Amino acid sequence: MYKNFLIAILLTPIIAGTTGKIKGRVIDSLSKEPIPGCVIYLESTDYGTLVDNDGYYFILNVSPGLYNLHSQIIGYNEYIIQNIEVNIDLTLTIDIELQESSLELSDIIVQAAPKLINKNLTSTTAIITDETISKLPVNEISEILNLQAGFVDGHLRGGRTSEVAYWVDGMPITDGYDGSSIIDINKDSVKEMQLISGSFNAEYGQAMSGIVNITTDEGSNDFGGSVDFYIGDYMSMHKDIFRNLENIDLMNSTQNKNFSIHGSIIENKLFYYISGRNIYYQGVYEGIRLYNPQSYGYQLEDSSTGDEYWHILGSDYNNDTYVNNIECGGPLNCGDNSQNYLDLLLSSHSNSNPIGDNKFIPMDWNLKKYGQFNIIYKPMNNMKIKYSHFTDNVSFQDYDRYYQLNPDGALLKKRIGQTNMLQINGIINSNSYFTLGLIRYKKKYEHFAFDDFSDYVHSDLSNQNTPAYSYSVGGVNQNRFKRETISSTLKVDYTNQINNFHQIKTGLEYREHSISYEDIDLQYYVNGGFNPIYNSPFTYPSIDDISSMNTSIYNFNPKEVSAYIQDKIEMDEMIVNVGLRYDYFDPQGLLLSDPSDPFIYDPIKPEHIYDCSDFDGYCGDNETLQTLDDRLEYWYIGTKIKSMLSPRFGVSFPISDQGVVHFSYGHFFQIPKFELLYY
């Protein structure tokens, strides 16, 4: 049985995609001699190892969290250190002095003291554990990050929001299009999170300001879970700033429903973790529906007082007649057809709710539906297969002050992020292990005023005869935008603890993207022209051809390759991280052969308009026009492949139990956002 126990702990399974390490030395408390063969293991886990002939030990691939460390050998009392904390990518050093066993002395139990400083950090790193998160009055990961020094609303140390790279369970989840995270992780599923705001190791690339590295929770043999729910509302006495905020509605303004469940399907073999969240924030800004998108106004003058007032066509018969008389007696000169024109005005505007209902409408709301599913299979003690699925579905609206009196004319926005991740982790021997990861994620963003084209109104309703800087009194935002990023990443990492002082880690990553983009301003073409007074505002819109400035559509498929090697040197007086990273990028895009004449559909240079191949010394209107296919042969040139070598170096030098000196140096670069690169 003792032999089987040793075999089990020597074949330590990999429990997390991002892990830490425990190391130290075991000696006799009196003779100070090493105690080879001592068993070191973590309570209630399969993590463990044996002390070598020089008294040293190390345990690799320990998932972040709190553990009880046991040291045990015949002839000595068992030594237990409780509540040691392991962090991802860091080494915890625990040296042990064992006392020879006696009848009078029982097991020695020690409480691990909290670290005043972390001596093996060679860069500025904030570490936030699940225990810390549970005590914070926060609801979102972004709120936790904002509590860290140097991080403000996605900006780290003054950098752009796109200069921060996001990693989950050891895999990158940064959207190459705009540099944002593909998904918003539920805070309750976070096991540990690190914010690296200094220089970082060679394994991390495509970041300028820092790294957000998150490890999510996983299942265990113990069944458990949590459910929480809260409601709320905003309130303010500043009616001049916040419309309708004095009316408290706890049930409909803010609702958060959150749950998680974990356990095992097959004990010690098959585990699961499921998390879900549905949350609605109504926000503090509301509009009032005085007008609808189909509202069209006319400036009238009171004949008795001379005062001007604004009339919405179709809302009052007498005023509609007044408008018709003005038009027929003026620019139209209707003659005997005045009644026909009035009937046309009434039929165009009276049957479509021409004026608003004066209801308060939220204009700063957010509805998020989040789901996470992890399943972990351990076919043997030295291998783990993990599949993870994340879904982040958000519908929202950003407050647009211009539409506060016509709230239905503002844009609705949707963002969907989906990630599927497969990881295979295996131990080669007691000193080395590998991780093979495949991740495919999709992020889609779109905005529009209406999903159905038949709900749109003619663009002339957005240009009514109102004073400058007025709010919208009708019409709708005519822009329709959609973009989608699909990225697939294959990542292989290998780690080898060569000896007690050197840990080598190397890896290779291949990534390919598919970027699709549509930016369309709807257009309206009416035979005979459009008259907003006598024509129905509901005119079916058109989408111009790609040759128009109103339509922009593209698709590109860039590719990336990166490789790195790094060495973590852990000496008694100093810790050194040294590494080298190589990045390769093929944008597979297009450049203009002549930037001074950029628009292929409407060139300005004669040699780009006419076929001047007869070389008669003149290129002009006596020549044959070039076709689009003719210009495509020379208009663009392909982009060049880019590559970069990036050395990284960091040193941590403890000067006391309360002080440490850090030094780091590195070359860092980042591929431009695809949003700008392919604009």
Side-chain angles (χ1 to χ4, degrees), residues 128-147 166 168-169 173 180-193 214-220 222-235 244-245 247-263 265 271-286 360-375 387-399 412-421 441-446:
I128 308 101
T129 65
D130 56 346
E131 185 178 3
T132 301
I133 293 174
S134 66
K135 298 175 182 178
L136 292 174
V138 295
N139 297 311
E140 307 290 342
I141 290 292
S142 59
E143 294 176 326
I144 301 173
L145 291 172
N146 280 334
L147 295 175
Y166 297 87
V168 170
D169 291 337
I173 61 162
S180 62
S181 174
I182 292 294
I183 50 175
D184 292 333
I185 299 295
N186 189 345
K187 72 175 183 66
D188 293 337
S189 66
V190 175
K191 186 68 175 176
E192 181 176 305
M193 178 169 64
I214 297 173
T215 299
T216 61
D217 211 338
E218 297 183 353
S220 63
D222 297 327
F223 175 81
S226 65
V227 176
D228 62 84
F229 171 79
Y230 68 79
I231 58 176
D233 195 6
Y234 298 95
M235 63 180 298
N244 194 41
L245 214 59
N247 295 324
I248 305 300
D249 185 359
L250 295 177
M251 295 304 300
N252 297 310
S253 295
T254 297
Q255 284 190 7
N256 179 77
K257 306 167 188 174
N258 190 34
F259 82 94
S260 65
I261 184 173
H262 61 82
I265 301 174
F271 309 91
Y272 65 88
Y273 177 86
I274 302 173
S275 174
R277 187 184 185 198
N278 185 304
I279 183 165
Y280 173 73
Y281 285 121
Q282 182 167 293
V284 298
Y285 297 108
E286 297 186 23
F360 293 105
I361 306 298
M363 296 185 66
D364 185 32
W365 55 272
N366 183 299
L367 174 62
K368 177 188 291 188
K369 299 177 182 179
Y370 170 86
Q372 175 186 346
F373 173 71
N374 293 348
I375 186 164
Y387 169 75
S388 301
H389 175 79
F390 302 88
T391 297
D392 188 23
N393 191 333
V394 184
S395 300
F396 63 104
Q397 191 171 43
D398 292 327
Y399 179 64
L412 300 175
K413 302 180 179 182
K414 294 184 178 181
R415 185 181 72 242
I416 299 175
Q418 291 184 341
T419 300
N420 291 285
M421 186 189 309
Y441 56 73
K442 177 174 69 174
K443 186 172 183 179
K444 179 180 179 181
Y445 168 82
E446 58 183 340

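Here the structure is a predicted model, which is why all the values come from computation and not from measurement.
Using modelled atom types, one finds no donor on one side chain facing an acceptor on the other under 3.5 Å when comparing Asp188 with Ser260. Inspection of the Asn256 and Tyr281 side chains reveals no N or O donor paired with an N or O acceptor under 3.5 Å. No hydrogens or angles considered: a donor-acceptor pair under 3.5 Å links the side chains of Tyr230 and Asn139. A donor atom on one side chain and an acceptor atom on the other are not found under 3.5 Å apart for Trp365 and Gln282. Between the side chains of Asp217 and Ser189, not a single donor N or O lies within less than 3.5 Å of an accepting N or O. No side-chain donor-acceptor contact under 3.5 Å links Lys191 and Thr129. Using a 3.5 Å distance cut-off with no hydrogens or angles, the side chains of Asn244 and Glu286 do pair a donor with an acceptor.
Here the closest heavy-atom approach between residue Gly232 and residue Ser253 is recorded as O-CB, 3.5 Å. When all heavy atoms are compared, the tightest approach of Ile173 to Ser181 is CD1-OG, 3.6 Å. Considering all non-hydrogen atoms of both residues, Val190 and Ile185 come closest at CG2-CG2, 3.9 Å.
When side chains are defined from C-beta on, Lys368 does not count as touching Ser395, because their heavy atoms never get closer than 4.5 Å. Within the 4.5 Å cutoff, no side-chain heavy atoms of Ile375 are placed close to those of Glu218. When side chains are defined from C-beta on, Leu136 counts as touching Leu147, because their heavy atoms get closer than 4.5 Å. Annotation: side chain of Asn146 is not in contact with side chain of Ile144 (no heavy-atom distance under 4.5 Å). Two residues are said to be in side-chain contact when any heavy atoms from C-beta on lie closer than 4.5 Å; Ile214 and Asp169 fail this criterion. Side-chain atoms of Val168 and Thr419, non-hydrogen and from C-beta on, never get closer than 4.5 Å to each other. In this structure, Arg415 and Asn393 have side chains that are not in contact, with every pair of non-hydrogen atoms separated by 4.5 Å or more.
Counting non-hydrogen atoms of other residues, nucleotides and ligands closer than 6.0 Å to OH of Tyr285 gives a total of 12 or fewer. Heavy atoms of other residues, nucleotides or ligands lying less than 6.0 angstrom from CD of Glu131 number 12 at most.
Using cut-offs of 30° and 60° on the angle between ring planes, the pair His262 and Tyr273 is parallel.
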Decide side-chain contact (heavy atoms from CB on, under 4.5 Å) for Met193 and Thr215; before the verdict, give the C-alpha distance in whole Å, the side-chain angles of both, and the deciding distance to 0.1 Å. CA-CA 6 Å; Met193 178 169 64; Thr215 299; over 6 Å; no
Could you go step by step and tell me if Thr391 and Lys369 meet the side-chain hydrogen bond (donor to acceptor under 3.5 Å, both in side chains) rule? CA-CA 8 Å; Thr391 297; Lys369 299 177 182 179; over 6 Å; no
Kindly indicate, with the supporting measurements, whether the criterion side-chain contact (heavy atoms from CB on, under 4.5 Å) is fulfilled by Asn366 and Tyr280. CA-CA 6 Å; Asn366 183 299; Tyr280 173 73; over 6 Å; no
Could you go step by step and tell me if Asp364 and Gln397 meet the side-chain contact (heavy atoms from CB on, under 4.5 Å) rule? CA-CA 5 Å; Asp364 185 32; Gln397 191 171 43; over 6 Å; no
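Here the straight-line distance linking atom NZ of Lys442 with atom CD1 of Ile416 works out to 7.5 Å at 0.5 Å rounding. For the atom pair Asn420 CG and Tyr441 OH, the distance stands at 13.0 Å (nearest 0.5 Å). Atom-to-atom distance recorded for Ser275:OG and Phe390:CZ is 9.5 Å, nearest 0.5 angstrom. The distance from the CG atom of Asp233 to the CG atom of Asp249 is 6.5 Å, given to the nearest 0.5 Å. Considering CG of Asp228 and NZ of Lys257, their distance stands at 12.5 Å, rounded to 0.5 Å. Rounded to the nearest 0.5 angstrom, Asn374 CG and Ile274 CD1 are separated by 9.5 Å.
Listed for the Thr132 side chain is no donor-acceptor partner under 3.5 Å among the backbone atoms of Ile128. Formation of a donor-acceptor pair under 3.5 Å by the Asp392 side chain with backbone atoms of Asp184 is found in this model. Under the 3.5 Å distance criterion, the side-chain polar atoms of Lys444 are left unmatched by any main-chain donor or acceptor of Lys414. Under the 3.5 Å distance criterion, the side-chain polar atoms of Asn186 are left unmatched by any main-chain donor or acceptor of Tyr370.
With respect to the salt-bridge test (charged N to carboxylate O, under 4.0 angstrom), the residues Lys187 and Asp130 do not qualify.
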